[in-house]
Amino acid sequence: MQLPDKIDEALLRSWRHEFHQHPETAFEEHRTSARVAEILRAAGLEVTTGLAETGVIAVLDGKLGKGQTIGLRADMDALDVTEANAVSHCSHTPGKMHACGHDGHTTMLLGAACELARDPDFAGRVVFVFQPAEENEGGGRRMVEDGLFEQFPMDAIYGLHNWPGLALGEAAVHEEAVMAAFDVFTLTLSGHGCHAAMPHLGKDTILAACQLVTQLQGLISRETPAHQTAILSITQFHAGDAFNVMPEEVELRGTLRCFDPTLRAHLQQRFHDAVDAMATFHGLKVNFDYQPRYPATLNAPGHAERCASVLEQLPSIQQVHRDLPPSMASEDFAYLLQECPGAYIWLGNGEDSASLHNPHYDFNDAATPIGVSYWTSLVRQLLAVDG
C-alpha cells in the first residue's frame, strides 16, 4: 500500500466511511486492526499487533533528538446496535454499527500518525495506541494487563471522545473528573411460589423486590454527601409468567455509578447490607452478583491544562469549555490513566448530533481534521525542543 502525497479531508473521510461500513465489536476488530496496521506501516511507522488480542501500537521517534514519550489513544470497537441511518456508508453488518464514533476516533489518530510521520519535527517519542473493546469489555484493562506500559513506557497518555450536543469547533476539558466509575449487578431473590389468591402460603418475591428498588434510592439521597454525585439505576426487572401465580424468583439488574473511590466502596457495602436485610425480613434466599467495572476517568490537572492550552491555540477551535459537568457515563481509558498520568478531552460532534449509542448517530466527518490538528499540535507542543 502507498499513501497519497497529502492526508486531506477526502482521504480521512474515505477511511472513516470504510471503518463505519465494517463495524466490529469487542475483541473482534480483526479487519479494523489489520487495516489500521496497514496504513501505519505505509506511513513508515514501527507497528506492533496482538496486544489485547486486536490492539495495534505504532511508535514514532522525533527527528530532533531525545525527549519524553507520550501516548495517544483511540478506541476501535463498535456496538451491538442496528443502524437506522440511510447514509451511503451505512453498516454492512446486520445488528452492529459504530454508534459511538470510534470509527472517527480511529481515523483522527491515523491521520495524525501519518502527518507526523511525514515530518516528525519534535524531540522524543509518540506511541499511537489503537485499543479494542472499549464498550463494556475493558479493552483498556486488557492492554494494561498485557504489558502496554512495560513494552512502551510513557511519561503521559492522552485520549479524546467526540461529544454530541457540543458544537463543532468546540471542546471541553475537565480539570480532574471526566467520566464516572461503572459497576453492574444481577440480583436474584428466591422465595416460594403460590397461587395469587393465597399469598400467605408463599414467600412474596415481587413485594420484596419492589420494596428493595425503592429502598435502594436511599443510598443516593441519604448516604451520599450532597457535594458528591452518584446514580443507582435498576434497569431490568424479570419475574412471573402468569396472572394468578406468585413467582418463585425475581431477577433485578442495574448499574451503580459515582466518581469517588471511597464512596464507591461504601455504596457497594451498603447495597449488600440492604439486600441481606430485605431477604431476611421476607424469608428469601439471595444470589447477588456485584461486579465493579470501569473506574472513574480522572485527569491529571496539569496535563488537562496543557490540553486546554493546545486547543485554545487551534484556529479550528472557537471555544474551550472548562466548566462543563462531568458525565455519569463511563470510559475504560480510566485504566490507562490509573497507570500513567494524562488527560481525556471532549471534542464537539455538533449540536444537532444524535446521542451516543443511538441508532441514528453518525460521527461528524467535519470533526475529523479538527481532531487531527489537535493531536499533531499536542505532540509538537509537548515534545518541542525547548519544552
Side-chain angles (χ1 to χ4, degrees), residues 79 100 135-138 163-165 174 176-193 196 199 202-241 243 245-298 323-332 334 355-358:
L79 283 156
C100 203
E135 299 288 358
N136 296 317
E137 298 301 327
W163 209 250
H174 299 78
E176 189 168 6
V178 188
M179 312 283 276
F182 164 50
D183 298 343
V184 299
F185 55 86
T186 299
L187 169 65
T188 303
L189 299 175
S190 300
H192 182 67
K203 299 291 186 181
D204 192 344
T205 55
I206 293 279
L207 176 61
C210 290
Q211 290 178 348
L212 186 61
V213 169
T214 303
Q215 181 182 348
L216 287 172
Q217 294 309 314
L219 298 180
I220 307 303
S221 64
R222 291 297 178 266
E223 298 200 20
T224 299
H227 67 279
Q228 294 186 339
T229 303
I231 293 177
L232 194 160
S233 297
I234 305 294
T235 57
Q236 297 182 44
F237 194 122
H238 304 286
D241 299 299
F243 286 107
V245 177
M246 305 291 289
E248 186 169 318
E249 285 191 352
V250 171
E251 183 180 81
L252 304 177
R253 294 181 180 181
T255 71
L256 179 63
R257 300 168 185 268
C258 66
F259 294 98
D260 183 77
T262 302
L263 175 62
R264 185 186 189 189
H266 171 77
L267 291 175
Q268 179 180 349
Q269 181 57 55
R270 293 293 290 140
F271 197 146
H272 279 273
D273 293 344
V275 170
D276 290 343
M278 185 62 67
T280 298
F281 180 80
H282 287 278
L284 306 177
K285 294 181 180 179
V286 175
N287 185 353
F288 190 23
D289 181 21
Y290 189 101
Q291 298 181 19
R293 292 288 182 93
Y294 297 175
T297 304
L298 304 174
D323 57 352
L324 293 188
S327 172
M328 295 308 292
S330 301
E331 162 64 65
D332 80 343
S355 61
L356 301 174
H357 295 208
N358 185 298

Residues which pass side-chain hydrogen bond (donor to acceptor under 3.5 Å, both in side chains) with T188, listed by chain and number, not counting sequence neighbours: none
With rounding to the nearest 0.5 angstrom, report the CG to NE2 distance, L298 to H174. 11.5 Å
Heavy-atom closest pair, residues T186 and E251: CG2-OE2, 3.7 Å
Hey, could you give me the NE2/CG distance between H282 and L207, rounded to the nearest 0.5 Å? 5.0 Å
Inter-residue atom distance L216.CG - R270.CZ, 0.5 Å rounding: 10.5 Å
Within the side chain of T224, is there an N or O that forms a donor-acceptor pair under 3.5 Å with the backbone of L219? yes
Hey, which of D204, I206, D241 is the one that makes side-chain contact (heavy atoms from CB on, under 4.5 Å) with P247? I206
Is it the case that the side chain of S327 and the backbone of M179 share a donor-acceptor pair, with hydrogens and angles ignored and the cut-off at 3.5 Å? no
For residues 228-237, run the donor-acceptor check on the side chains, cut-off 3.5 Å, and write out each pair with its distance to 0.1 Å, sequence neighbours left out.
residue, atom, partner, partner atom, Å
T235, OG1, R253, O, 3.3
Q236, OE1, H238, NE2, 2.7

Taking all non-hydrogen atoms of both residues into account, name the closest pair between V250 and A239 and its distance. CG2-CB, 3.6 Å
Where the side chain of T205 meets the backbone of L284, is there a donor-acceptor pair that is under 3.5 Å apart? no
Tell me the closest heavy-atom pair linking S330 and R257, and the distance in Å. OG-NH1, 3.1 Å
P326 and A177 have their tightest heavy-atom pair at CB-O, 3.4 Å
Give me the ring orientation class for Y290 and H272: parallel if the planes are under 30° apart, tilted from 30 to 60°, perpendicular past 60°. tilted
Verify side chain to side chain contact (heavy atoms under 4.5 Å, CB included) between S190 and N287, making sure each step is shown before the conclusion. CA-CA 8 Å; S190 300; N287 185 353; over 6 Å; no
Which heavy atom of A274 sits nearest a heavy atom of Q215, and at what distance? CB-NE2, 4.2 Å
One pair to check against side chain to side chain contact (heavy atoms under 4.5 Å, CB included): N136 and F182. What are the steps and the verdict? CA-CA 9 Å; N136 296 317; F182 164 50; 3.7 Å; yes
Between atom CD of E137 and atom CZ of R293, what is the distance when rounded to the nearest 0.5 Å? 6.5 Å
Using side-chain heavy atoms (C-beta onward) and a distance below 4.5 Å, is P225 in contact with L263? yes
Distance in Å, F271 CZ paired with L212 CG, rounded so as to fall on 0.5 Å steps: 6.5 Å
Looking at CG of L356 and CD of E135, how far apart are the two atoms once the value is rounded to the nearest 0.5 Å? 8.5 Å
Please check: side-chain N/O of Y294 versus main-chain N/O of D183, any donor-acceptor pairing under 3.5 Å? no
Is any side-chain heavy atom of D273 closer than 4.5 Å to a side-chain heavy atom of Q269? yes
Considering all heavy atoms of both residues, which atom of A296 and which atom of C258 are nearest to each other, and what is their separation? CB-O, 4.4 Å
